[in-house]
Amino acid sequence: QVQLVESGGGLVQPGGSLRLSCAASGFTLDYYAIGWFRQAPGKEREGVGCISSSDGRTYYADSVKGRFTISRDNAKNTVNLQMNSLRPEDTAVYFCAAPSRPRGWCTRSGDDYDYWGQGTQVTVSS
C-alpha cells in the first residue's frame, strides 16, 4: 500500500527552524519527483517546492526561496524540507505529494500529484 507520512512539524518562534520529513512506504521515492505544499487556514493550497528525481534539481516558491531547502535521503526513502528563518506567514499544514507513476520532473500544480500525506502542522509564533 502506497503511503506518505510527514513528520517534524511543531511550534517555533519567528526566525527559528524546523525540518520536515516525508517518509514513503509501498514505493521507492528515487523515481518520483516529490512536491511540498502547504495550506493555511482560510487560504488555498500553495506549492512550496519540489525535488526532481531525474537530476535532483529543486524548485521553490518565491516566498520561501533562500530559506527552505528540499533534499532526498534515498537510503531512508524520505524527502526532507529544511525550513529556516521562519516567519508567521509560514504557518500552515504542510503536505508532501507524489505522482501515481514514476515521473522524474517537477510540476507546480497539486493536480499533478496523486498520493498525499496527512500533513503536519507548522506554527510560527512568538
Side-chain angles (χ1 to χ4, degrees):
Q1 182 180 358
V2 172
Q3 192 174 15
L4 294 171
V5 178
E6 302 94 340
S7 62
L11 173 64
V12 63
Q13 292 186 343
S17 298
L18 281 175
R19 184 179 178 88
L20 306 185
S21 291
C22 172
S25 59
F27 70 111
T28 302
L29 285 178
D30 300 28
Y31 307 107
Y32 294 77
I34 302 299
W36 280 95
F37 296 82
R38 67 186 181 185
Q39 188 164 21
K43 294 188 176 181
E44 293 187 353
R45 182 181 63 197
E46 66 171 338
V48 173
C50 177
I51 184 165
S52 69
S53 71
S54 54
D55 56 10
R57 289 188 181 184
T58 52
Y59 303 87
Y60 302 96
D62 289 342
S63 59
V64 306
K65 201 172 294 183
R67 301 187 297 123
F68 290 12
T69 303
I70 300 173
S71 62
R72 289 182 178 271
D73 186 340
N74 290 337
K76 295 183 178 179
N77 207 29
T78 62
V79 170
N80 300 310
L81 175 64
Q82 177 67 42
M83 306 186 296
N84 298 329
S85 302
L86 283 163
R87 305 167 180 169
E89 54 263 39
D90 294 318
T91 295
V93 178
Y94 284 70
F95 302 88
C96 61
S100 59
R101 296 183 178 183
R103 186 186 73 216
W105 61 93
C106 283
T107 60
R108 292 184 178 183
S109 172
D111 292 342
D112 295 328
Y113 296 84
D114 304 292
Y115 298 127
W116 294 77
Q118 83 290 350
T120 186
Q121 176 70 47
V122 172
T123 302
V124 185
S125 175
S126 55

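Along the sequence shown, residues are numbered consecutively beginning with 1.
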Same apolar cluster: Val48 and Leu29, side chain cutoff 4.5 Å: yes

Once disulfide (SG to SG under 2.5 Å) is applied, what residue pairs with a partner in residues 92-126 remain, sequence neighbours excluded? Cys22-Cys96, Cys50-Cys106

Using a 4.5 Å side-chain heavy-atom cut-off and chaining through intermediate ILVMFWY residues, the residues clustered with Trp105 come out as none

With sequence neighbours left out, the residues meeting salt bridge (Lys or Arg N to Asp or Glu O under 4.0 Å) with Asp62 are Lys65

Under the rule for side chain to side chain contact (heavy atoms under 4.5 Å, CB included), what residues qualify as partners of Glu89, not counting sequence neighbours? Arg87

Pairing residues for Arg67 by the salt bridge (Lys or Arg N to Asp or Glu O under 4.0 Å) criterion, not counting sequence neighbours: Asp90

Which residues pass the side-chain hydrogen bond (donor to acceptor under 3.5 Å, both in side chains) test with Asp114, sequence neighbours left out? Ser100

Quick one: which residue pairs count as a ring pair (Phe, Tyr, Trp, His ring centres under 6.0 Å) with a foot in residues 38-92, not counting sequence neighbours? none

For Arg57, what residues pass the salt bridge (Lys or Arg N to Asp or Glu O under 4.0 Å) criterion, not counting sequence neighbours? Asp55

Please confirm whether the backbone N or O of Asp30 pairs with a side-chain atom of Asn74, one donor and one acceptor, at under 3.5 Å? no

Sequence neighbours left out, what passes salt bridge (Lys or Arg N to Asp or Glu O under 4.0 Å) with Arg103? Give chain and number order. none

For residues 8-19, dump all side-chain donor-acceptor pairs below 3.5 Å to protein atoms at least two apart in sequence or in another chain.
{"unit_1": "Ser17", "atom_1": "OG", "unit_2": "Asn84", "atom_2": "OD1", "d": "2.9"}
{"unit_1": "Arg19", "atom_1": "NH1", "unit_2": "Gln82", "atom_2": "OE1", "d": "3.3"}

Can you list every pair that meets salt bridge (Lys or Arg N to Asp or Glu O under 4.0 Å) and has a residue in residues 76-86, with sequence neighbours left out? none

Does Phe37 have any ring-ring contact (aromatic ring centres under 6.0 Å, His included) partners at least two apart in sequence or in another chain, and if so, which? Tyr113, Trp116

